[in-house]
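To keep things clear, I will list the structure first and then write my remarks on it.
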Number of protein chains: 2
Amino acid sequence: MLELSILGFLCDESLHGYELRKRVAALTGHVKPIADGTLYPAIKKMEASGLLTRELQSGPAAAPRHMLTLTAKGREHLKNRLSNPDDAFITDENRWFVLLAFLRHLKNADAQAAVLNRRLAFLTQPASFFYDRDRPLRAADFDDPFRKGLMTIATATSRTELKWLRETLAELTA
Amino acid sequence: MLELSILGFLCDESLHGYELRKRVAALTGHVKPIADGTLYPAIKKMEASGLLTRELQSGPAAAPRHMLTLTAKGREHLKNRLSNPDDAFITDENRWFVLLAFLRHLKNADAQAAVLNRRLAFLTQPASFFYDRDRPLRAADFDDPFRKGLMTIATATSRTELKWLRETLAELTA
DNA sequence: TTTCGATACCTCGGGACCGAGGTATCTCGC
DNA sequence: GCGAGATACCTCGGTCCCGAGGTATCGAAA
């Protein structure tokens, strides 16, 4: 998840760690704030595996910045991740949103459509949060206003996304 | 997250591990499937800290079942968790949904309203996923259909939930 | 009849991430 | 001219959870 964000942001332009941290925080930080102790080791690991390079810049800033640049291998890796995302990136809304944020880096419209189709398949498969034996329960089955709300919200949000998915898929395949 | 699900399901009725696993899978499994290797150690840990008791049942099933029952301490713990959830349970939609699923166990309408108000405060604070310097970017700022969609979906879903939150808060405080 | 799938529980190694700590420099207010 | 806060990077221990494995019993199909 974090790795994908880093790859995605660096694909647009070289950034130093601190700026990267701010962008990642804007994208996913409201859900779960990103910690220093998570970001910097991730960068190191990616540098070690040749996905990015680091260049020391003694600019006007307080501390020397490490300018981070994606390598060709890093770009390749990003495209792979975007084309063949793990299931968790399709099913977990947080991860899915990160994927969406960078899907434009996949220049190929067919590849983009394939990813949207996976999400479409996931959202259209019937599923509930609660079952009585094998019968899926619906919002109307609950007296409880909270479970009712949970179901209502989930249904409404998936409807909104389905509409967008179908429209966008139509444009992509046109 | 898993602990809250276990507490919540067991608060209604005693269950054995396997049945618990199915219910947890229905509630959060579509996002991220729950693994045996996660559930059983969690149960053991909760047993060790006195939140639940275990009773061996040699019923008609293939393997002997461990019937799990919440203790008074477990019930207390659940109410504490529901009343004073960590920020992550307010901001992360996955966790928030789990919280909503069991909020009825909090018998006190004021306490329930307090939790909904925290979510309301989170959803109404202005935030974007992307910024240009300090200016938050909106859906219309993007050519990219994916980022456009991301913003559109996020706005629509939060609007739906806000509507429900305000309605339910009105009922709770009536 | 034997094998397969479902039921039911368990362990262990490892990965991702957190959080609390540390270091150092620059700028701005007081 | 001194402290506070922002900038910028780093480490280490710990927690949560996964995934791949293992054990054992039962019923139904082949």
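Quantities reported herein were computed from a predicted structural model and do not represent experimental measurements. Here is how names work: the chains are called A, B, and so on, in the same order as the sequence lines, proteins then strands, and each is numbered from 1.
The phosphate of C:dA16 (OP1 or OP2) has a side-chain N or O of A:K45 nearer than 4.0 angstrom. The side chain of A:R65 places no N or O atom within less than 4.0 Å of a non-bridging phosphate oxygen (OP1 or OP2) of C:dC26. Side-chain N/O atoms of B:Y40 include one lying less than 4.0 angstrom from OP1 or OP2 on C:dC9. Between B:R95 and D:dC16 there is no side-chain N or O to OP1 or OP2 distance below 4.0 Å. OP1 or OP2 of D:dT11 has at least one side-chain nitrogen or oxygen of A:K44 nearer than 4.0 Å.
For the pair B:M67 CE and C:dA8 P, the interatomic distance rounds to 10 Å; values are reported in whole Å. For the pair A:I43 CD1 and D:dC10 P, the computed distance is 8 Å after rounding to whole Å. Look at CG on A:L56: it is 11 Å from C1' on D:dA8, rounded to the nearest Å. If you take CG of B:D87 and P of C:dG19, they are 10 Å apart, rounded to a whole angstrom. Distance, B:L4 CG to D:dC17 C1': 16 Å, rounded to whole Å. Between the NZ atom of A:K32 and the P atom of D:dT15 there is a distance of 15 Å, rounded to whole Å. Distance CG (B:L39) to C1' (D:dC16): 14 Å, rounded to an integer number of Å. For the pair A:D92 CG and C:dA16 C1', the interatomic distance rounds to 14 Å; values are reported in whole Å.
A:R21 CZ to A:D36 CG: the interatomic distance, rounded to the nearest 0.5 Å, is 4.5 Å.
For residues 6-28 of chain A, the set of pairs meeting the ring-ring contact (aromatic ring centres under 6.0 Å, His included) definition, not counting sequence neighbours, comprises A:F9-A:F102. For residues 164-174 of chain A, every residue pair satisfying the side chain to side chain donor-acceptor pair (under 3.5 Å) rule, not counting sequence neighbours, is listed here: A:K163-A:E167, A:W164-A:T168.
Within a heavy-atom distance below 4.0 Å of DNA chain D, the residues of residues 16-26 of chain A found are A:H16, A:G17, A:Y18.
Residue B:L2 places its side chain closer to D:dC17 than to any other of D:dC17, D:dC10, C:dC17. Here the nucleotide nearest the side chain of A:I34, chosen from D:dC9, C:dC18, D:dC17, is C:dC18. With D:dC9, C:dC18, C:dC17 as the choices, the nucleotide that has an atom nearest any side-chain atom of A:R54 turns out to be D:dC9. Of the candidates C:dC18, D:dC18, C:dC10, C:dC10 carries the atom nearest the B:D36 side chain, counting heavy atoms from C-beta on.
B:V31 and A:L4 end up in different hydrophobic clusters when Ile, Leu, Val, Met, Phe, Trp and Tyr side chains are linked at under 4.5 Å.
A:L68 has its side chain out of reach of A:I6: every pair of non-hydrogen atoms, C-beta onward, lies at least 4.5 Å apart. Looking only at side-chain heavy atoms (C-beta outward), B:T91 and A:H30 stay at 4.5 Å or farther from each other.
Residue B:D132 qualifies as enclosed at atom CG: its count of foreign heavy atoms under 6.0 Å is above 12.
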